[in-house]
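Written below as structure tokens is the structure these notes are about.
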Amino acid sequence: MRFVTKRDEDKTARLASEETYQALLGIIRTQNKGLITDSIYRDGYNTPDGKRSRVEDKLAISYKYKCAYCERLCKADIEHYRPKKGVEEEPTHPGYYWLCYEWSNLIPSCITCNREGGKHNKFPVLGPRVFTPPLLADGNINLTLCKSTLAPLLDERPCLLHPEVDKPEDYFTFELDPKGEGIRITGIDVDGRGESTIQICLLNRLEVKLDRVERVIDDFKDSVHCLFAQLENGEVSNEQFADRMTHSITLLRQRSQEDDRTHTYLRKYIVASVANFQAIVLPFLEPKTRNITLRAFQSLIG
Ligand SMILES: [Zn+2]
């Protein structure tokens with residue numbers, strides 16, 4: 001998960017329309033969740049290459065075509081952060097039906113993070129749960145109080161972190177999988193919201209742990225190993241070796257700044273300190289290459 005800024009003005013014209021507002025009023029007045037229409041929150045359109053969704057398109061731009069939770073590049077589906085039709089942990093809750101068209105409640109998620117067994121209708125909270133829509137005295141909806149970024153929804157303190165509200169560095173760290181199955185993400189906050197998010201979205205499922213290594217570590221590892229082989233074969237001088245090593249480490253740091261790459265937060269974590277680099281990257285390198293690579297990293301970034 002990485003922190004994302006999604007602009008309110010990027011909402012599609014249909015979501016922002018009076019027609020959608022009236023449709024929402026109808027749902028709230030009748031409390032008929034059967035009226036929730038996916039053609040509104042998807043805003044579909046046809047192209048020669050198949051059906052597309054304007055909302056998915058907009059979300060993909062903010063989220064750089066990645067799943068909000070596992071940060072892999074994917075064709076993400078629109079997920080309602082607060083479930084619209086029911087809450088698994090709270091059987092008496094009707095679901096946050098009044099947020100079905102709310103921009104801050106729409107998040108792109110891959111099928112695996114959102115399926116049954118994954119996030120689905122789970123939405124545990126630590127604070128006071130909101131059960132009813134925020135209505136004004138005249139029966140209209142207070143749309144400001146529907147935003148995930150403001151009270152009273154913010155005060156619910158959801159166990160599932162919101163990429164547009166919560167900063168990942170406050171909640172997550174990484175470690176090697178003890179069974180050798182890639183890199184695990186772990187929660188660090190005392191309230192356990194990071195750990196809950198990991199469990200809800202299954203962020204340590206095998207393919208994600210392995211993908212972190214393949215996408216973030218492997219290129220760097222290959223470049224270091226190739227460089228050491230060239231030095232041993234006499235193909236590069238000591239000076240060229242040092243230059244190319246500097247280049248490889250610089251590239252690692254550069255890529256952590258490119259939000260459109262997979263696993264941005266892991267990339268940032270790795271280059272944030274010598275200790276992080278040592279714990280997450282070095283174990284993947286051949287033992288004979290580790291000391292020199294670490295010293296090069298220290299002199300550049302330490
Ligand atoms: Zn995902």
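Counting starts at 1 for both ligands and their atoms, following the listed order.
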### Query
Among protein atoms, how many N/O/S atoms lie less than 2.8 Å from the Zn ion (ligand 1)?
4
Side-chain atoms of residues 126-134: list all donor-acceptor pairs with protein atoms under 3.5 Å, sequence neighbours left out, distances to 0.1 Å.
unit_1, atom_1, unit_2, atom_2, d
Arg129, NE, Glu90, OE1, 3.0
Arg129, NH1, Tyr96, OH, 3.1
Arg129, NH1, Phe123, O, 2.7
Arg129, NH2, Glu90, OE1, 3.2
Arg129, NH2, Phe123, O, 3.0

### Query
Would you call Glu207 and Arg72 a salt bridge, taking side-chain N to carboxylate O under 4.0 Å as the test?
yes
### Query
Looking at Asn276 and Ala272, what are the two nearest heavy atoms and their distance?
ND2-CB, 4.0 Å
List the atom pairs, donor and acceptor, that lie under 3.5 Å between side-chain atoms in residues 293-302 and the rest of the protein, sequence neighbours left out.
unit_1, atom_1, unit_2, atom_2, d
Thr293, OG1, Thr289, O, 2.6
Ser299, OG, Arg295, O, 3.4
Ser299, OG, Ala296, O, 3.0

### Salt-bridge criterion met for Asp170 and Lys167 (N-O under 4.0 Å)
no
Distance-only check: which donor-acceptor pairs under 3.5 Å involve side-chain atoms of residues 224-232, not counting sequence neighbours?
unit_1, atom_1, unit_2, atom_2, d
His225, NE2, Glu286, N, 2.9
Glu232, OE2, Lys288, NZ, 3.0

